[in-house]
Amino acid sequence: MKKLIAGNWKMNGDLASNEALVKAMLADIGTPSCNVALCSPALYLGQLQSLLKGSPIAWGSQDVSAQEKGAFTGEISATMLRDFECRYAIVGHSERRQYHGETDEAVATKAQRALNAGITPIVCVGETLAQREANETEAVVKRQLAAVIHAVGHCISEIVVAYEPVWAIGTGKTATPEQAQQVHAVLRAQIAAASEHPERVQILYGGSMNAANAASLLSQPDIDGGLIGGASLKAADFLQIVRAAG
Ligand code: PEP
């Protein structure tokens with residue numbers, strides 16, 4: 001299975017800087033041997049569509065509504081994302097769980113909405129520092145993934161999972177390759193028990209992955225790629241991670 005390197009720009013960028021960043025990536029990316037994607041704020045998905053169409057880089061959103069359509073002011077539906085040819089939608093990022101109160105069930109519904117629209121959800125799971133210190137890591141990530149398995153049933157083979165320890169996101173503290181691998185193996189086993197095609201499911205690591213530490217994380221047997229925040233805002237750093245995945 002090819003690895004996947006997905007950038008999460010979060011709430012960064014503007015028309016001019018996005019264009020410069022994407023053009024710098026396209027100028028240097030060549031023919032990557034892994035899958036590559038960029039997830040921008042929803043407002044810029046049209047811009048990514050015109051800059052990236054026909055290129056080796058796919059694009060996606062950072063969220064999707066749990067609702068199908070209707071009176072949900074400010075929400076963006078999965079079918080709207082499909083209009084802009086999004087290949088991926090991040091769901092359940094820890095910043096959405098933390099700042100927007102997204103529950104495991106809401107995240108699972110979002111994953112289902114994306115799948116219904118033909119979009120691959122990148123489902124984020126991960127423990128806080130307090131949960132890790134209380135030895136709850138496995139229980140937390142299994143509970144988060146179980147909600148999605150319950151909602152999407154056999155379609156679980158069509159999702160991407162991202163293990164993102166909350167304490168490692170944007171902090172410069174990366175999980176060691178061994179710490180990450182341990183959790184990835186747990187998630188792999190959970191998917192294997194629920195899926196008819198577990199070999200299709202990519203499990204990404206996210207949390208301060210950068211040009212310097214990517215190769216050792218990506219060499220772990222159950223780490224199938226990366227979800228990259230800060231380092232996806234710099235073309236050279238992002239491309240070094242892409243190359244480390246090749
Ligand atoms: C993320 O937001 O998904 C992430 C992994 O961020 P960072 O790489 O900046 O830690």
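Start at 1 and go down the list; that is how both ligands and their atoms are numbered. Keep in mind that what you see is a predicted model, and the values were worked out from it rather than measured.
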Stepwise side-chain contact (heavy atoms from CB on, under 4.5 Å) check, Ile156 with Val201: CA-CA 8 Å; Ile156 198 68; Val201 180; 5.7 Å; no
N or O pair under 3.5 Å between Lys10 and ligand 1: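 For ligand 1, there is an N or O atom that lies under 3.5 Å from one belonging to Lys10.
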Below the 3.5 angstrom mark, is there an N/O of Met209, backbone or side chain, next to an N/O of ligand 1?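 No, no N or O pair falls under 3.5 Å.
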Between Val160 and Leu4, does the side-chain contact (heavy atoms from CB on, under 4.5 Å) criterion hold? Intermediate values first, please. CA-CA 9 Å; Val160 170; Leu4 168 62; 4.2 Å; yes
Identify the protein heavy atom lying closest to [atom], giving its residue, its atom name and the separation to 0.1 Å.
atom                   : result
atom 8 (O) of ligand 1 : Gly229 N, 2.9 Å
atom 1 (C) of ligand 1 : His93 NE2, 3.2 Å
atom 3 (O) of ligand 1 : Glu164 OE2, 2.7 Å

When you measure from the side chain of [X] to the backbone N and O of [Y], does any donor-acceptor pair fall under 3.5 Å?
X      : Y      : result
Asp237 : Lys234 : no
Asn12  : Gly230 : no
Arg87  : Trp59  : no

With a 4.0 Å cut-off on N to O distance, would you call Asp222 and Arg188 a salt bridge?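 Answer for the salt bridge query: yes.
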Hey, is Ala231 one of the residues with a heavy atom under 4.0 angstrom from ligand 1?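 Contact check Ala231 vs ligand 1: negative.
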Below 4.0 Å from any atom of ligand 1, is there a heavy atom belonging to Gly226?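 Checking ligand 1 against Gly226, which is what was asked, there is no heavy-atom contact under 4.0 Å.
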Can you list the ligand 1 atoms lying under 4.0 Å from a non-hydrogen atom of [X]?
X      : value
Gly207 : 5 (C), 10 (O)
Ala168 : 10 (O)
Leu227 : 3 (O), 5 (C)
Gly170 : 7 (P), 9 (O), 10 (O)
Asn8   : 1 (C), 2 (O), 3 (O)
Gly230 : 7 (P), 8 (O), 9 (O)

Worked check of side-chain contact (heavy atoms from CB on, under 4.5 Å) between Leu15 and Glu19: CA-CA 6 Å; Leu15 284 171; Glu19 183 170 343; over 6 Å; no
Is the ring pair Tyr205/His184 parallel, tilted or perpendicular, if the boundaries are 30 and 60 degrees?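 The rings of Tyr205 and His184 sit tilted, inter-plane angle from 30° to 60°.
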Does Ile122 belong to the same Ile/Leu/Val/Met/Phe/Trp/Tyr cluster as Leu52, with side-chain heavy atoms less than 4.5 Å apart forming each link?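 In one cluster: no.
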